[in-house]
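Everything on this sheet refers to the single structure shown next.
Just so it is clear, the values below take in all heavy atoms, side chains as well, and ignore hydrogens, waters and symmetry mates. Quantities reported herein were computed from a predicted structural model and do not represent experimental measurements.
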Amino acid sequence: MIATTLFAMLAPAASSDDPIPNLEALALAPTVGWLMLLAFALIVAIFIIHRETWRRLFLRAEDPRSLAAFRIAFGLMTMANINGLWELFYYLFTDEGLFFADVAQEVFAKEQFDGFADGVGDEPYGFLGWAGFVNFIKGPKFSLLYFWDTPTAFWLHLVAFWLACTSFIVGFKTKYAKWATFLLFNSIIMRNQVFWEGTENVYRAFLFYLCISRCGAAYSVDNWLRCRRLRKQGLLSEPGGPGAGAGLAPCPEYPSGLAAIYQRVPAWPRMLMILQVAALYCSTGTVKNGHVWMNGDAFYYALNLDHFYRFEPQQLSAIFGTNLFRLNTWVVHWWEACFPLVVLGLVSRYMRRERVPPPPRAQLWIARACWLLLGLTCCAIVQVVLPVHIQRATPPGQWNLAAWQRYFPWIWLGGMLVIVGFIALARRRPPSLTIRGHRYQLDLDWVCSWLLGRRVWLSLGVIFHAHLIIMMNIGWFTPATLSTYFVFLNGNELANLLQPLIGRGKPAIPSEDPSLPHLHHDAAAMPAWALFGGLAVAVAGVYFAVPREVVDAAGAVTRRPGVHWGATGVAVFVGLAVVGYFTARRRGMLQLSPRNELTGTPRQPWAHAPMGRFLASALCAYHITGVAIWLLPEKDCLGGNDKRTSWRVRAQDPFKWWIRITQTNQGWKMFAPNPPRTNLMMRVLVTDNDGEVYDLNTDVYHPDNRPIPWIFYSRIRKINRRIIGAEGGKGKWYQKWHGRYICRDWALHHGGVAPKQVDLIKVSYSIPTPEEVAKDGPYKPVERMQRHSSVRHVHTTQCTDVNAQLPNHIRERHGLPPLPDDQPFKPWDKDRQAQFAKHVAELTRQGRDPNRVPFAPMTIGLVVIIAGLRWRRLDRDNKRTALAALHNPTDPADTNPR
């Protein structure tokens, strides 16, 4: 029951087309917001105290092979995902499909195209001045198909994507191919989003992470060409030779040294990918707060959806629906929601394996106090929101609100004590267990390896996704998610796993020797006082960003805007940058010991010089915070969705542009809060001019659309469910456009003659409960549909409607006669020019020049670039000084701080 309540608090309430806000919950939003700000500050304080772990984990240079393997697997999935839309290419992405270009602009990127005249009616075609162009380049939705969407244009676009993605997969010109793949992929899918699933979120996000990584440093044509060139020059370290393939420092025999086969790459992009996988699973697990998931019947209902199963599962449902399927549901639900524990295990194992030095004793106790306060703050948040999640009067046998408010804090505190006691016991007096003569010590290493280990969590993931692949046809979401498991392995682990397959009995080639002098081992580190100062400024900036109401002497109330978040961001960034620069100037030439004094193993080098580490750290902190805020549930107790008053929405403002432009905005609500319990299908009826009605047989109610086993995935079923109103809350809006498309498509394939009207019919039948199937035996889906289906008319489109006629330029393309003069094409006149003129006039009235050049941001950017160039030159000078000291031991710079 506790778990049920916690999931209900974390997850959004079931959505509807017009949700009614909960005023009682909205009243709690400010309190919850300040408590969550306190929790955020405590988390950041813990990270600052344990900053050495962050530095060594995120900012190190590592083996490139896990990223390379992920690049290959994910690239193949990306191409397969686009190719899987082959039967819908024209429908989705061309002017012969669902939307014309001007309609797609208005539907999917309206704000971006406000200053672009679409040429409809008396309007010109093109940007309405400089202001219109600036409005467009702000993004975030860029697609060539918004401007040129003929079938020829689409096929040229698709071929370009194939070439870029192939180059990306094989690793040829990877630094360019990865960005070309990312841009062309988004250019295709942004044109029409009616087919989108959680699948598109996976590909958009992880393609960006691959773009900011050096994923072409291994298993690539680029690296093969590099090695071939170095081999010809005698500068490559090879297995069996000097350096054994890991590189060699300069020496009398090799004055320039030897290069490694696998050069080290920055680790922070892979760390971001690991956190993204954890966010994916945790978010999709916590939003599944409906009673179907709690009762354990979600797997049964998902498997019995006619649109998704590969083979009819009713026989299995009758046997396992009330036992094994329920166990699967509960395991998957908790596995998803608790998946971030594997990240905790990875970090803990790394700290123990590398023996990261603990912070000073005083800071360590401060960190422990922060953990305690964080736990109490989380308890306070739950206690505050209990009244809007728990009923005051409940059925007998269930706790009411008073009981929850009385006992929940004690239960929470008891859980905190159990966790602390378990950690203390495992660290100081770990229990042991003997099985078949083998003694197992249940210490922290065992906890990190098993209870929080990859072997458990990833194995459960493989089993779960394998079930989905075998039993359900849900496209390329599952293979793509499985491919992300590569990033949970470091390159050496992956190489040892693959060596029996590709090594021919030879040992795996090591990655670049971490002690080579050209790698970064400097002693520059951001001091703790600067980081705490940045945190204080950030928290103060949030406080002063809140608008205040001021009462003057006459009693009039005026609302004063708070400090803009941009000022706070610039202050934190510039302040830390100045401290980082002078720290690099003072300690950048000092070199750390090439070996870890505590473990005796080689010290992992830094991925970048001090400036690069500062920028990478700033980017990671900014991005992680932005994604975390973006995934906060859309709940009234967090402020709801009002853009003016919701603190959750306002908190997204500093990150909105970045998250959207990088395509890492995301929502993971698959089968949430409950899976559908009704099979819905869309029947399309066309009435021609003679009054004859034709059923287009568009869905699985027709036998020809029920291939068993169903091997190839078709998005048309997802689209049908969305249009008929099953998902997304926009079915009514899509219905008219789909009806207009049917009018045009009918004319295209019937000599240019349009039908009279198009009717959309919803066909549905309820899925029997698992108890009914267990009692009565398996049912035949076709027979149940015939006996129990509900048929309801939902929409009629007259083919004289706007955009329902086949325009003359498409008719000419296919050799069809033009439209009669008395039946012209009816465009959708959006009157953008007049609307944009009103917008410009309003800005002018407010004293704001719509055509002004943003001098302030440009000046700040120029100053940052100039300062960055100076810092970069400092880092290079320090590196040259450090290298010179290796050959001149009397040089005063040759000091070892550790």
What are the two closest non-hydrogen atoms of [X] and [Y], and how far apart are they?
X: Pro140; Y: Gln663; result: O-NE2, 3.1 Å
X: Pro510; Y: Ala246; result: CG-CB, 3.8 Å
X: Pro517; Y: Lys879; result: O-NZ, 2.9 Å
X: Pro269; Y: Tyr209; result: CB-O, 4.2 Å
X: Leu67; Y: Cys215; result: O-CB, 4.1 Å
X: Phe488; Y: Val342; result: CE2-CG1, 4.0 Å

Has [X] got a side-chain atom pairing as donor or acceptor with [Y]'s backbone, closer than 3.5 angstrom?
X: Asn496; Y: Asn492; result: yes
X: Asp875; Y: Met611; result: yes
X: Ser66; Y: Leu489; result: yes
X: Arg71; Y: Phe168; result: yes
X: Ser348; Y: Gly345; result: no
X: Gln363; Y: Pro360; result: no
X: Gln499; Y: Lys506; result: yes
X: Arg51; Y: Ile48; result: yes
X: Asn186; Y: Phe182; result: yes
X: Thr568; Y: Ala538; result: no

What orientation do [X] and [Y] show, parallel under 30°, tilted 30 to 60°, or perpendicular over 60°?
X: Phe339; Y: Trp457; answer: perpendicular
X: Phe208; Y: Trp179; answer: perpendicular
X: Phe655; Y: Tyr622; answer: tilted

Qualifying salt bridge (charged side-chain N to carboxylate O under 4.0 Å, His left out) pairs with a residue from residues 573-583, counting only residues at least two apart or across chains: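 Not a single pair qualifies under salt bridge (charged side-chain N to carboxylate O under 4.0 Å, His left out).
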
Listed once per pair and sorted, the salt bridge (charged side-chain N to carboxylate O under 4.0 Å, His left out) pairs that draw on residues 157-166, sequence neighbours left out: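 Non-adjacent pairs meeting salt bridge (charged side-chain N to carboxylate O under 4.0 Å, His left out): zero.
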
Hey, could you give me the [atom1]/[atom2] distance between [X] and [Y], rounded to the nearest 0.5 Å?
X: Met77; Y: Leu482; atom1: CE; atom2: CG; result: 9.5 Å
X: Leu235; Y: Leu248; atom1: CG; atom2: CG; result: 11.5 Å
X: Leu184; Y: Leu163; atom1: CG; atom2: CG; result: 9.5 Å

Under 3.5 Å side-chain donor-acceptor pair for [X] and [Y]:
X: Trp268; Y: His608; answer: yes
X: His157; Y: Ser187; answer: yes
X: Arg204; Y: Gln666; answer: no
X: Ser220; Y: Asp222; answer: no

[Y] and [X], any side-chain heavy atoms less than 4.5 Å apart:
X: Ile49; Y: Leu364; answer: no
X: Ser213; Y: Phe70; answer: no
X: Lys178; Y: Cys211; answer: yes
X: Phe172; Y: Leu225; answer: yes
X: Glu354; Y: Arg349; answer: no
X: Asn201; Y: Phe206; answer: no
X: Arg228; Y: Leu236; answer: no
X: Leu494; Y: Asn490; answer: no

Please say whether more than 12 non-hydrogen atoms of neighbouring residues, nucleotides or ligands are located less than 6.0 Å from [atom1] in [X].
X: Trp476; atom1: CH2; result: no
X: Arg455; atom1: CZ; result: yes
X: Arg870; atom1: CZ; result: yes
X: Arg427; atom1: CZ; result: no
X: Phe532; atom1: CZ; result: yes
X: Arg585; atom1: CZ; result: no

Test log, rule ring-ring contact (aromatic ring centres under 6.0 Å, His included), inputs Tyr203 and Phe74: CA-CA 8 Å; Tyr203 286 97; Phe74 198 75; 5.1 Å; yes

Pairs where residues 237-261 contributes a residue and the test side chain to side chain donor-acceptor pair (under 3.5 Å) is met, not counting sequence neighbours: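 Side chain to side chain donor-acceptor pair (under 3.5 Å) check on residues 237-261 returns Arg231-Glu238.
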
Pairs touching residues 159-173 that satisfy side chain to side chain donor-acceptor pair (under 3.5 Å), sequence neighbours left out: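 Pairs touching residues 159-173 that pass the test: Asn83-Trp162.
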
Salt-bridge criterion met for Asp877 and Arg880 (N-O under 4.0 Å):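 Looking at Asp877 and Arg880, the cut-off is met.
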
Give every donor-acceptor pair under 3.5 Å between a side-chain atom in residues 57-65 and any protein atom, sequence neighbours left out.
residue: Arg60; atom: NH1; partner: Leu57; partner atom: O; Å: 2.3
residue: Arg60; atom: NH2; partner: Glu62; partner atom: OE1; Å: 3.2
residue: Glu62; atom: OE1; partner: Arg270; partner atom: NE; Å: 3.3
residue: Glu62; atom: OE1; partner: Arg270; partner atom: NH2; Å: 2.8
residue: Glu62; atom: OE2; partner: Arg270; partner atom: NE; Å: 2.8
residue: Asp63; atom: OD1; partner: Arg65; partner atom: N; Å: 3.0
residue: Asp63; atom: OD1; partner: Arg65; partner atom: NE; Å: 3.0
residue: Asp63; atom: OD2; partner: Arg65; partner atom: NE; Å: 3.3
residue: Asp63; atom: OD2; partner: Arg65; partner atom: NH2; Å: 2.6
residue: Arg65; atom: NH1; partner: Ile509; partner atom: O; Å: 2.7
residue: Arg65; atom: NH2; partner: Ile509; partner atom: O; Å: 2.8

Aromatic Trp365 / basic Arg368 pairing, under 6.0 angstrom, 45° off normal: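 Yes, cation above the ring, under 6.0 Å and within 45°.
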
Residues Val863, Val574; criterion side chain to side chain contact (heavy atoms under 4.5 Å, CB included); working and verdict: CA-CA 10 Å; Val863 171; Val574 172; over 6 Å; no

Ring pair (Phe, Tyr, Trp, His ring centres under 6.0 Å) partner of Phe614, the single match among Trp606, Tyr581, Phe573: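 Answer to the ring pair (Phe, Tyr, Trp, His ring centres under 6.0 Å) test with Phe614 among Trp606, Tyr581, Phe573: Phe573.
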
Would you give me the side-chain donor-acceptor pairs under 3.5 Å for residues 518-531, sequence neighbours excluded?
residue: His518; atom: NE2; partner: Glu512; partner atom: OE2; Å: 2.8
residue: His521; atom: ND1; partner: Leu519; partner atom: O; Å: 3.3
residue: His521; atom: NE2; partner: Pro514; partner atom: O; Å: 2.8
residue: Asp522; atom: OD1; partner: Ala524; partner atom: N; Å: 3.2
residue: Asp522; atom: OD1; partner: Arg613; partner atom: NH1; Å: 3.4
residue: Asp522; atom: OD1; partner: Arg613; partner atom: NH2; Å: 2.6
residue: Asp522; atom: OD2; partner: Arg613; partner atom: NH1; Å: 3.0

